[in-house]
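For reference, the structure discussed in these notes is given below.
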Amino acid sequence: MAKAITPRHVDYAEWYNDLVIRGGLADYSAVRGCMIIKPLGYALWENMRAVLDRMFKETGHVNAYFPLFIPKSFLSREAQHVEGFAKECAVVTHHRLKLADDGSGVVVDPEAKLEEELIVRPTSETIIWHTYRDWIQSYRDLPLLINQWANVVRWELRTRPFLRTAEFLWQEGHTAHATRQEAIAEAERMLDVYARFAEEYMAMPVVRGIKTPSERFAGAEETYCIEALMQDGKALQAGTSHFLGQNFAKAFDVTFLDQNNQRQYVWATSWGVSTRLIGALVMTHSDDDGLVLPPRLAPLQVVIITIPTVEEPQMTVALQIADALRQLGISVEIDTDDTKRAGFKFAEYELRGVPVRIAIGKRDVEHGTVEIARRDTKEKVTISSESAPDYVRALLEEIQRSLLDRAKRFVAANTHYVDTFEDFERILEERGGFVMAHWDGTAQTEALIKERTKATIRCIPLNAEPEEGRCIVTGKPSHRRVLFARAY
RNA sequence: CGGGGUGUAGCGCAGCCCGGUUAGCGCACCUGCUUUGGGAGCAGGGGGUCGUGUGUUCGAAUCACACCACCCCGACCA
């Protein structure tokens, strides 16, 4: 495979596409805006899903599955919700094809028109709350803590692999609570789960915050989010958790009797992360040589390459080390393909982001050593083969830590505090990144800034220190800075 | 949905302007030999409805018209 990744400094968007395609994460498909997730990309998703699923269960949630199709009428029950999603819905109108009269293929059978059209879910609040009406009668039925792993379809005008596809995989949690406070606590708890996942597993630092009203989820009272900063200085919303108030309970008439025999509407949350996280992972760590995957999510953590491949002594050492690594719970493969040379394999595994590579050649066998290379820094060391397993175990932890540290330093170095609109514009043009600035709290000012700079308020950070200041546009008083950035 | 671009072998491209043998090149692929510690060398070989349709012409990858698809940029959105 020829080296053909566009360097980041030449064209970041092209670099990203090259990496996704050439790195083996995904392919374009026959359907516009829909991608084929290839084994490496899917393995990454499986690893993410496994960790998140465990975290959801540890916080008391259970999985269920609701239908792909939603009756059209459901969408219109919650006014804001339908407004938010109506423009990007795939609609099923018929249920049968037939052979064309002129023999040119198949056509939709006009006789098979559906009584009520079905919407391919863009998200499942409506069908789930329609169901919750039957499931919830009493305070004893609450809280109801359900998650589903599913695909959804949003007919986006502009798509990008993983970051925005017409169909994507995600999880959506939908919970029902007896009180406002409990629902808010749930939304915050799940935001915390997402933030911990991002930092501890993806090695991706995030800012936790709440969205402004104009950036809120359609139908939510409050939208919590985690925002990450990509290498090109653009922000990426990596996960959202919504406090839905009683909006869906009222729209679908979901009530319960409390301890005092009072009929009350249920309080709701929903929260989700998607395959977009794979895009976030790529744009946080990878480099011009290919993917860089954090050890805790990498489908393959260690690859062993013997040089030459077929020589017995090298293979003996390789098998011993592989066995020892597996005992330590580390995933490892020995590349036994003797039709490719070592140099080719080195480049190939670097492209695919395998965190650690062990090379064993004749020289090594003679000296009782192996060469260990780490993907993130490309540093190599030669150490005794007996100490290799322990060294690799420590190295994987070190890489995981180092990736997070490096990403944190990047965010710190690219978070700017500005107090004038001139500085605000200049920073966005010259550097990009997160920009912390004072804002007067109005939607008008927010829209004006967006129109003039393409930057949006990514969030009002939860950990923001109170600070008196003046809005960079109107000069009106402000009590804290908010996080601006141009975003994906 | 606006702007731009591209459709020729699995991938990347040339050929098109100025129509004319059997449509080329690189990578990849197959066979053989030599190689093997950073994307091997040599030799031989296989693979094509030139995006689709209609038209012009003795003749179309090449000219005209229409259509389709995809990519990039923007507006909208996870």
Side-chain angles (χ1 to χ4, degrees), chain A residues 1-6 11-14 16-18 20-22 27-35 83-89 104 122-123 152-172 194 211 214-218 220 223 225-228 235-242 270-280 289-290 305-311 314 335 337-351 357-367 369-371 373 378 380 382 450-451 454 456 458 486-488:
Chain A
M1 189 177 289
K3 199 168 191 173
I5 295 174
T6 306
D11 185 340
Y12 193 82
E14 207 40 48
Y16 175 80
N17 287 332
D18 283 352
V20 167
I21 303 300
R22 306 192 63 85
D27 257 339
Y28 296 115
S29 74
V31 182
R32 189 199 71 91
C34 296
M35 63 178 170
E83 199 186 318
F85 287 103
K87 283 181 287 186
E88 50 189 41
C89 285
S104 62
T123 180
V152 288
V153 168
R154 296 181 188 176
W155 211 264
E156 301 287 353
L157 298 177
R158 168 133 156 68
T159 59
R160 308 192 58 178
F162 291 112
L163 299 176
R164 180 170 297 103
T165 45
E167 179 194 15
F168 56 95
L169 307 183
W170 77 343
Q171 57 71 216
E172 45 182 328
Y194 289 156
K211 288 289 186 190
S214 56
E215 298 277 336
R216 242 175 232 154
F217 176 76
T223 288
C225 64
I226 52 173
E227 293 286 328
L236 184 75
Q237 180 173 303
T240 48
S241 179
H242 315 290
S270 69
W271 29 274
V273 294
S274 71
T275 36
R276 168 180 264 197
L277 289 179
I278 294 171
D289 293 320
I305 295 169
T306 55
I307 314 164
T309 308
V310 292
E311 299 285 320
Q314 284 90 302
D335 187 329
D337 183 352
D338 60 1
T339 68
K340 294 186 174 62
R341 293 154 57 96
F344 181 91
K345 293 181 183 180
F346 291 173
E348 194 66 19
Y349 287 106
E350 278 162 12
L351 174 62
R357 178 183 76 235
I358 302 177
I360 309 170
K362 269 187 196 142
R363 287 201 310 258
D364 291 302
V365 174
E366 282 163 20
H367 300 148
T369 59
V370 296
E371 179 190 82
K378 316 257 315 243
K380 298 184 217 178
T382 299
K450 182 175 178 181
E451 194 191 318
K454 292 176 187 148
T456 49
R458 303 316 304 158
R486 288 180 182 157
Y488 275 99

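Chain letters run A, B, ... following the sequence lines, proteins first and then strands; every chain starts at 1.
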What does [X] touch in the nucleic acid at a heavy-atom separation under 4.0 angstrom: a base, only the sugar-phosphate, or nothing?
X	answer
A:E156	base
A:K340	nothing
A:T382	nothing
A:T240	nothing
A:K211	nothing
A:F168	base

Rounding to an integer number of Å, can you tell me how far [X] [atom1] sits from [N] [atom2]?
X	N	atom1	atom2	result
A:E371	B:rG38	CD	P	9 Å
A:R341	B:rA28	CZ	P	12 Å
A:F344	B:rC27	CZ	C1'	11 Å
A:L163	B:rG74	CG	P	13 Å
A:D18	B:rC71	CG	P	14 Å
A:E14	B:rG12	CD	P	11 Å
A:D27	B:rC70	CG	C1'	13 Å
A:I5	B:rG12	CD1	P	15 Å

What interatomic distance, in whole Å, is found between [atom1] of [M] and the corresponding atom of [N]?
N	M	atom1	answer
B:rG10	B:rC29	P	15 Å
B:rA43	B:rG59	C1'	39 Å
B:rC17	B:rC76	C1'	40 Å
B:rC18	B:rU57	C1'	16 Å
B:rC63	B:rG20	P	11 Å
B:rU8	B:rC25	C1'	12 Å
B:rG26	B:rA64	P	31 Å
B:rC27	B:rG46	C1'	16 Å

Locate the shortest heavy-atom distance separating A:F85 from A:P122; write the atom from each residue and the value. CD2-CB, 3.9 Å
Ranking A:G33 and A:S274 by the position along RNA chain B of their nearest nucleotide, the one closer to 5' is A:G33
Upstream residue (5' side of RNA chain B) when A:T309 and A:A487 are each assigned their closest nucleotide: A:T309
Mind checking who [N] pairs with, Watson-Crick or G-U wobble, both distances under 3.5 Å?
N	result
B:rG48	none
B:rA40	B:rU34
B:rU62	none
B:rU21	none
B:rA69	B:rU6
B:rC1	B:rG74

May I ask you to verify whether the side chain of A:R357 and the base of B:rG38 hold a donor-acceptor pair under 3.5 Å?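 Counting by modelled atom types and ignoring angles, a donor-acceptor contact under 3.5 Å is found here.
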For B:rG37, does the base pair up with any side-chain atom of A:K380 as donor and acceptor (N or O, under 3.5 Å, distance only)?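 Not at all, since no donor on one side and acceptor on the other fall under 3.5 Å apart.
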Inspect the contact between A:D289 and A:K378 and indicate whether a charged nitrogen and a carboxylate oxygen are less than 4.0 angstrom apart.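 Salt bridge between A:K378 and A:D289, a charged N being under 4.0 Å from a carboxylate O: yes.
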Take A:Q171 and A:V273, measure what side chain to side chain contact (heavy atoms under 4.5 Å, CB included) needs, and give me the verdict at the end. CA-CA 6 Å; A:Q171 57 71 216; A:V273 294; 3.5 Å; yes
Taking atom types as modelled, find out whether A:R216 and A:S214 have a side-chain donor-acceptor pair closer than 3.5 angstrom.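 There is no such pair between these side chains.
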Tell me whether the count of non-hydrogen atoms from other residues, nucleotides or ligands lying under 6.0 Å of CD in A:E14 goes above 12.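 Buried by this count: over 12 neighbours within 6.0 Å.
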Ignoring backbone atoms, establish whether A:K87 has a side-chain N or O less than 4.0 Å from OP1 or OP2 of B:rA75.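 No, no such contact exists.
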Strictly below 4.0 Å: does A:N17 bring a side-chain N or O up to OP1 or OP2 of B:rC72? yes
Go through [options] for me and flag the one nearest to the [X] side chain.
X	options	value
A:P308	B:rU36, B:rG37, B:rG39	B:rU36
A:E348	B:rU36, B:rC77, B:rG39	B:rG39
A:K454	B:rG37, B:rG74, B:rG38	B:rG74
A:A13	B:rC72, B:rC76, B:rG38	B:rC72

Kindly indicate, with the supporting measurements, whether the criterion side chain to side chain contact (heavy atoms under 4.5 Å, CB included) is fulfilled by A:E348 and A:K340. CA-CA 10 Å; A:E348 194 66 19; A:K340 294 186 174 62; over 6 Å; no
Heavy-atom distance under 4.5 Å between the side chains of A:E215 and A:T223, does that happen here?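 Contact flag for A:E215/A:T223 side chains = no.
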Relative to each other, are the rings of A:F217 and A:H242 parallel, tilted or perpendicular (30° and 60° limits)? parallel
